[in-house]
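Down below is the structure, laid out as C-alpha coordinates.
Quick note: residue numbers are just sequence positions, from 1.
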Amino acid sequence: IQQTIPSIYQTLADYFPVGTEIDSSDLLGPHEQLLVKHFNSIVSGNDMKWQFTEPQEGQFTYTVADQEVALAQKNKMLIRGHNLVWATGAETPSWVFLEADGQTPLSASNPADVQLLTQRIQNHIKNVVQHFGSAVYVWDTVNEPLDPSQSDCLAHGPFYQVLGRSYIDIALQAARQYAPPGTELFINDYSTTDANRLSCMIQLVRYLREHQIPLDGVGHE
(Lines give C-alpha, C1' and ligand atoms only; values in the text may rest on other atoms or scores of the structure.)
Protein backbone atom coordinates (compact mmCIF):
# COMPACT_ATOMS: atom_id res chain seq x y z
CA ILE A 1 0.00 0.00 0.00
CA GLN A 2 1.04 3.61 -0.39
CA GLN A 3 2.87 4.55 2.80
CA THR A 4 3.86 8.10 1.83
CA ILE A 5 0.43 9.60 2.41
CA PRO A 6 -0.94 10.58 5.83
CA SER A 7 -3.32 8.37 7.77
CA ILE A 8 -6.93 9.50 7.40
CA TYR A 9 -7.87 8.84 11.01
CA GLN A 10 -4.72 10.47 12.37
CA THR A 11 -5.31 13.54 10.22
CA LEU A 12 -8.85 13.90 11.61
CA ALA A 13 -8.11 12.72 15.15
CA ASP A 14 -8.99 16.10 16.69
CA TYR A 15 -12.51 15.91 15.26
CA PHE A 16 -13.90 12.36 15.21
CA PRO A 17 -12.96 8.70 14.70
CA VAL A 18 -12.95 7.42 11.13
CA GLY A 19 -14.73 4.12 10.64
CA THR A 20 -15.30 1.58 7.92
CA GLU A 21 -17.31 -1.59 7.31
CA ILE A 22 -15.25 -4.77 7.09
CA ASP A 23 -15.61 -8.46 6.36
CA SER A 24 -13.25 -11.43 6.45
CA SER A 25 -11.42 -10.28 3.31
CA ASP A 26 -10.11 -7.26 5.24
CA LEU A 27 -8.23 -9.30 7.82
CA LEU A 28 -5.16 -10.18 5.75
CA GLY A 29 -2.68 -8.67 3.32
CA PRO A 30 -2.98 -5.17 1.83
CA HIS A 31 -6.62 -4.86 2.90
CA GLU A 32 -5.56 -5.24 6.53
CA GLN A 33 -2.67 -2.83 6.02
CA LEU A 34 -4.98 -0.19 4.56
CA LEU A 35 -7.51 -0.76 7.35
CA VAL A 36 -4.96 -0.33 10.11
CA LYS A 37 -3.30 2.68 8.50
CA HIS A 38 -6.37 4.74 7.76
CA PHE A 39 -9.16 3.78 10.19
CA ASN A 40 -9.62 3.65 13.95
CA SER A 41 -13.19 2.36 14.08
CA ILE A 42 -14.84 -0.65 12.45
CA VAL A 43 -18.25 -2.21 11.98
CA SER A 44 -18.74 -5.77 10.78
CA GLY A 45 -20.67 -5.80 7.53
CA ASN A 46 -22.51 -9.06 8.17
CA ASP A 47 -20.78 -11.27 10.70
CA MET A 48 -22.57 -9.99 13.81
CA LYS A 49 -26.05 -10.31 12.28
CA TRP A 50 -28.55 -12.90 13.47
CA GLN A 51 -28.17 -15.16 10.43
CA PHE A 52 -24.46 -15.55 11.11
CA THR A 53 -24.38 -15.56 14.92
CA GLU A 54 -27.36 -17.85 15.61
CA PRO A 55 -28.17 -19.76 12.40
CA GLN A 56 -29.95 -22.47 14.43
CA GLU A 57 -31.86 -21.74 17.61
CA GLY A 58 -29.55 -21.76 20.59
CA GLN A 59 -26.48 -22.59 18.48
CA PHE A 60 -24.25 -19.53 18.48
CA THR A 61 -21.16 -19.07 16.33
CA TYR A 62 -18.82 -16.11 16.33
CA THR A 63 -15.72 -17.28 14.45
CA VAL A 64 -15.38 -14.52 11.84
CA ALA A 65 -16.76 -11.78 14.07
CA ASP A 66 -14.27 -12.74 16.78
CA GLN A 67 -11.44 -12.44 14.25
CA GLU A 68 -12.64 -8.95 13.29
CA VAL A 69 -12.88 -7.92 16.92
CA ALA A 70 -9.42 -9.31 17.67
CA LEU A 71 -7.88 -7.28 14.84
CA ALA A 72 -9.62 -4.14 16.03
CA GLN A 73 -8.57 -4.62 19.63
CA LYS A 74 -4.98 -5.34 18.61
CA ASN A 75 -4.90 -1.99 16.82
CA LYS A 76 -6.90 -0.05 19.44
CA MET A 77 -9.90 0.51 17.16
CA LEU A 78 -13.45 1.25 18.26
CA ILE A 79 -15.96 -1.50 17.43
CA ARG A 80 -19.57 -0.81 16.48
CA GLY A 81 -21.98 -3.74 16.75
CA HIS A 82 -24.35 -4.20 13.81
CA ASN A 83 -27.05 -5.37 14.25
CA LEU A 84 -29.15 -7.18 16.85
CA VAL A 85 -32.62 -7.04 15.27
CA TRP A 86 -33.28 -6.13 11.63
CA ALA A 87 -36.85 -4.87 11.39
CA THR A 88 -37.45 -6.20 7.89
CA GLY A 89 -36.31 -9.70 8.83
CA ALA A 90 -33.36 -9.42 6.44
CA GLU A 91 -30.42 -11.68 7.31
CA THR A 92 -32.53 -13.29 10.03
CA PRO A 93 -32.92 -17.09 9.88
CA SER A 94 -36.40 -18.35 9.07
CA TRP A 95 -36.71 -20.38 12.31
CA VAL A 96 -37.04 -17.13 14.26
CA PHE A 97 -40.54 -16.65 12.84
CA LEU A 98 -41.73 -20.26 13.05
CA GLU A 99 -43.22 -22.28 15.88
CA ALA A 100 -41.25 -25.14 17.43
CA ASP A 101 -42.44 -27.52 14.69
CA GLY A 102 -40.38 -25.51 12.20
CA GLN A 103 -43.36 -25.23 9.85
CA THR A 104 -46.10 -23.07 11.36
CA PRO A 105 -45.61 -19.28 11.13
CA LEU A 106 -45.86 -17.36 14.37
CA SER A 107 -49.11 -15.45 14.79
CA ALA A 108 -49.98 -12.30 16.71
CA SER A 109 -53.30 -13.93 17.68
CA ASN A 110 -51.54 -16.73 19.57
CA PRO A 111 -50.26 -15.59 23.00
CA ALA A 112 -47.78 -18.48 23.05
CA ASP A 113 -46.28 -17.26 19.75
CA VAL A 114 -46.02 -13.71 21.09
CA GLN A 115 -44.20 -15.02 24.14
CA LEU A 116 -41.95 -17.25 22.02
CA LEU A 117 -40.77 -14.46 19.72
CA THR A 118 -40.23 -12.18 22.70
CA GLN A 119 -38.07 -14.83 24.36
CA ARG A 120 -36.13 -15.43 21.15
CA ILE A 121 -35.31 -11.74 20.80
CA GLN A 122 -34.26 -11.52 24.44
CA ASN A 123 -32.18 -14.68 24.33
CA HIS A 124 -30.44 -13.72 21.10
CA ILE A 125 -29.57 -10.26 22.33
CA LYS A 126 -28.41 -11.56 25.71
CA ASN A 127 -26.03 -14.07 24.15
CA VAL A 128 -24.60 -11.71 21.54
CA VAL A 129 -24.01 -8.66 23.71
CA GLN A 130 -22.58 -10.73 26.54
CA HIS A 131 -20.28 -12.56 24.16
CA PHE A 132 -18.71 -9.37 22.82
CA GLY A 133 -18.97 -7.57 26.13
CA SER A 134 -17.15 -4.28 26.50
CA ALA A 135 -15.28 -4.80 23.21
CA VAL A 136 -18.31 -3.26 21.47
CA TYR A 137 -19.00 0.30 22.57
CA VAL A 138 -22.29 0.78 20.69
CA TRP A 139 -24.94 -1.52 19.18
CA ASP A 140 -27.31 -0.83 16.32
CA THR A 141 -29.99 -2.55 18.37
CA VAL A 142 -32.82 -2.17 15.87
CA ASN A 143 -31.95 -1.70 12.21
CA GLU A 144 -34.15 0.02 9.63
CA PRO A 145 -37.42 0.19 11.61
CA LEU A 146 -38.94 2.96 9.47
CA ASP A 147 -41.46 2.91 6.63
CA PRO A 148 -42.96 6.33 5.82
CA SER A 149 -45.69 4.69 3.72
CA GLN A 150 -47.25 3.21 6.87
CA SER A 151 -49.56 5.32 9.03
CA ASP A 152 -47.45 4.59 12.12
CA CYS A 153 -44.19 5.21 10.22
CA LEU A 154 -42.89 1.72 11.03
CA ALA A 155 -41.82 -1.17 8.79
CA HIS A 156 -44.40 -3.95 9.14
CA GLY A 157 -41.87 -6.76 8.89
CA PRO A 158 -42.06 -10.19 10.53
CA PHE A 159 -41.16 -8.93 14.01
CA TYR A 160 -43.87 -6.27 13.80
CA GLN A 161 -46.45 -8.69 12.44
CA VAL A 162 -46.26 -10.73 15.65
CA LEU A 163 -45.35 -8.15 18.29
CA GLY A 164 -46.38 -4.80 16.81
CA ARG A 165 -44.11 -1.89 17.63
CA SER A 166 -43.32 -3.48 21.00
CA TYR A 167 -40.52 -5.53 19.37
CA ILE A 168 -38.49 -2.31 19.33
CA ASP A 169 -39.09 -1.79 23.05
CA ILE A 170 -38.26 -5.44 23.78
CA ALA A 171 -34.99 -5.29 21.87
CA LEU A 172 -33.77 -2.04 23.41
CA GLN A 173 -34.74 -3.11 26.94
CA ALA A 174 -32.98 -6.46 26.52
CA ALA A 175 -29.85 -4.78 25.19
CA ARG A 176 -29.79 -2.39 28.14
CA GLN A 177 -30.33 -5.25 30.58
CA TYR A 178 -27.61 -7.53 29.24
CA ALA A 179 -24.96 -5.30 27.66
CA PRO A 180 -22.15 -4.01 29.89
CA PRO A 181 -22.83 -0.69 31.64
CA GLY A 182 -21.98 2.22 29.41
CA THR A 183 -22.76 0.43 26.15
CA GLU A 184 -24.64 2.81 23.83
CA LEU A 185 -27.83 1.66 22.13
CA PHE A 186 -28.84 3.04 18.74
CA ILE A 187 -31.59 2.63 16.21
CA ASN A 188 -30.34 2.88 12.65
CA ASP A 189 -31.97 3.72 9.33
CA TYR A 190 -31.18 4.91 5.82
CA SER A 191 -32.04 7.95 3.66
CA THR A 192 -32.82 10.00 6.74
CA THR A 193 -32.14 13.17 4.73
CA ASP A 194 -35.50 12.42 3.08
CA ALA A 195 -38.07 14.63 4.81
CA ASN A 196 -40.62 11.86 5.31
CA ARG A 197 -38.10 9.37 6.71
CA LEU A 198 -36.64 12.04 8.97
CA SER A 199 -40.10 12.89 10.27
CA CYS A 200 -40.72 9.21 11.00
CA MET A 201 -37.40 8.91 12.81
CA ILE A 202 -38.26 11.89 15.00
CA GLN A 203 -41.67 10.39 15.73
CA LEU A 204 -40.11 7.08 16.78
CA VAL A 205 -37.48 8.73 18.96
CA ARG A 206 -40.16 10.80 20.69
CA TYR A 207 -42.19 7.67 21.37
CA LEU A 208 -39.19 5.87 22.85
CA ARG A 209 -38.24 8.82 25.05
CA GLU A 210 -41.83 9.37 26.24
CA HIS A 211 -42.09 5.69 27.20
CA GLN A 212 -38.63 5.66 28.82
CA ILE A 213 -37.32 3.01 26.44
CA PRO A 214 -33.49 3.11 26.53
CA LEU A 215 -31.96 4.89 23.54
CA ASP A 216 -28.63 6.67 23.29
CA GLY A 217 -28.45 7.68 19.67
CA VAL A 218 -29.51 7.35 16.07
CA GLY A 219 -27.51 5.98 13.14
CA HIS A 220 -27.98 7.63 9.74
CA GLU A 221 -27.12 5.93 6.44
Side-chain angles (χ1 to χ4, degrees), residues 1-55 59-88 90-93 124-145 171-172 174-176 178-193 214-221:
I1 67 170
Q2 188 173 354
Q3 296 286 4
T4 57
I5 58 175
S7 161
I8 297 172
Y9 86 80
Q10 290 177 357
T11 301
L12 297 171
D14 290 340
Y15 304 100
F16 43 73
V18 180
T20 186
E21 172 267 328
I22 69 168
D23 57 37
S24 59
S25 67
D26 297 302
L27 302 180
L28 296 170
H31 290 278
E32 178 191 5
Q33 295 168 20
L34 283 167
L35 177 68
V36 172
K37 179 175 176 64
H38 290 295
F39 300 95
N40 61 346
S41 179
I42 64 148
V43 59
S44 178
N46 290 298
D47 300 302
M48 291 186 181
K49 293 174 181 174
W50 200 321
Q51 179 177 324
F52 298 93
T53 54
E54 193 185 7
Q59 298 179 18
F60 291 87
T61 177
Y62 298 105
T63 304
V64 179
D66 281 346
Q67 293 171 357
E68 295 165 352
V69 168
L71 176 67
Q73 290 181 310
K74 176 183 176 182
N75 292 282
K76 297 181 173 56
M77 294 173 165
L78 295 171
I79 303 164
R80 184 183 190 90
H82 181 83
N83 57 64
L84 295 173
V85 171
W86 197 334
T88 64
E91 300 198 61
T92 306
H124 177 76
I125 290 175
K126 177 182 179 180
N127 197 293
V128 174
V129 300
Q130 289 185 345
H131 174 82
F132 292 107
S134 59
V136 172
Y137 81 100
V138 57
W139 278 102
D140 289 325
T141 308
V142 179
N143 190 46
E144 299 180 5
L172 286 163
R176 178 65 85 224
Y178 296 116
T183 304
E184 297 178 6
L185 307 180
F186 275 47
I187 54 176
N188 182 68
D189 220 297
Y190 64 91
S191 298
T192 49
T193 53
L215 182 71
D216 299 303
V218 174
H220 300 275
E221 296 179 29

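Note: Asn46 CG to Phe52 CZ = 5.0 Å, rounded to the nearest 0.5 Å. From Met48, atom CE reaches atom CG of Asn83 across 11.0 Å, with rounding to the nearest 0.5 Å. Residue Ile79 holds its CD1 atom at 9.5 Å from CD of Glu68, rounded to the nearest 0.5 Å. The structure places CG of Asp26 at 9.5 Å from CD1 of Ile42, a figure rounded to the nearest 0.5 Å.
Applying the salt bridge (charged side-chain N to carboxylate O under 4.0 Å, His left out) definition to pairs two or more places apart or across chains, those involving residues 126-145 are Arg80-Asp140. Applying the side-chain hydrogen bond (donor to acceptor under 3.5 Å, both in side chains) test to every pair with at least one member in residues 14-23, sequence neighbours left out, gives these pairs: Asp23-Ser25.
Looking at residues two or more places apart in sequence or on another chain, you find no side-chain hydrogen bond (donor to acceptor under 3.5 Å, both in side chains) involving Asn75. With sequence neighbours left out, the side-chain hydrogen bond (donor to acceptor under 3.5 Å, both in side chains) criterion links Trp139 to no other residue. Annotation: salt bridge (charged side-chain N to carboxylate O under 4.0 Å, His left out) contacts of Glu91 (sequence neighbours excluded): Lys49. Shown here are the side-chain contact (heavy atoms from CB on, under 4.5 Å) partners of Ala90, two or more places apart in sequence or in another chain: Trp86, Thr88. Judged as a side-chain contact (heavy atoms from CB on, under 4.5 Å), and not counting sequence neighbours, the contacts of Thr61 are Pro55, Thr63. Qualifying side-chain hydrogen bond (donor to acceptor under 3.5 Å, both in side chains) partners for Tyr9, counting only residues two or more places apart in sequence or in other chains: none.
In this structure, Pro17 and Leu78 approach most closely via the heavy-atom pair CG-CD1, 3.7 Å. For the residue pair Asp47 and Ser24, the shortest heavy atom distance occurs at OD2-N, 4.3 Å. Across every non-hydrogen atom of Thr141 and Ala171, the tightest pair is CG2-O, 3.6 Å.
His124 places a side-chain heavy atom less than 4.5 Å from the side chain of Phe60.
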Review item, side-chain donor-acceptor pairs of residues 28-41, under 3.5 Å, at least two apart:
{"from": "Lys37", "atom 1": "NZ", "to": "Ile5", "atom 2": "O", "distance (Å)": "3.1"}
{"from": "His38", "atom 1": "ND1", "to": "Ile8", "atom 2": "N", "distance (Å)": "3.2"}
{"from": "Asn40", "atom 1": "OD1", "to": "Val18", "atom 2": "N", "distance (Å)": "2.8"}

Donor-acceptor list for residues 128-137 side chains, cut-off 3.5 Å, not counting sequence neighbours:
{"from": "His131", "atom 1": "NE2", "to": "Asp66", "atom 2": "OD1", "distance (Å)": "2.8"}
{"from": "His131", "atom 1": "NE2", "to": "Asp66", "atom 2": "OD2", "distance (Å)": "3.3"}

Listing, residues 181-190 side-chain donor-acceptor contacts under 3.5 Å, not counting sequence neighbours, or none:
{"from": "Thr183", "atom 1": "OG1", "to": "Pro180", "atom 2": "O", "distance (Å)": "2.8"}
{"from": "Asn188", "atom 1": "ND2", "to": "Asn143", "atom 2": "OD1", "distance (Å)": "2.8"}
{"from": "Asn188", "atom 1": "ND2", "to": "Glu221", "atom 2": "OE2", "distance (Å)": "2.5"}
{"from": "Asp189", "atom 1": "OD1", "to": "Arg197", "atom 2": "NH2", "distance (Å)": "2.6"}
{"from": "Asp189", "atom 1": "OD2", "to": "Leu146", "atom 2": "N", "distance (Å)": "2.9"}

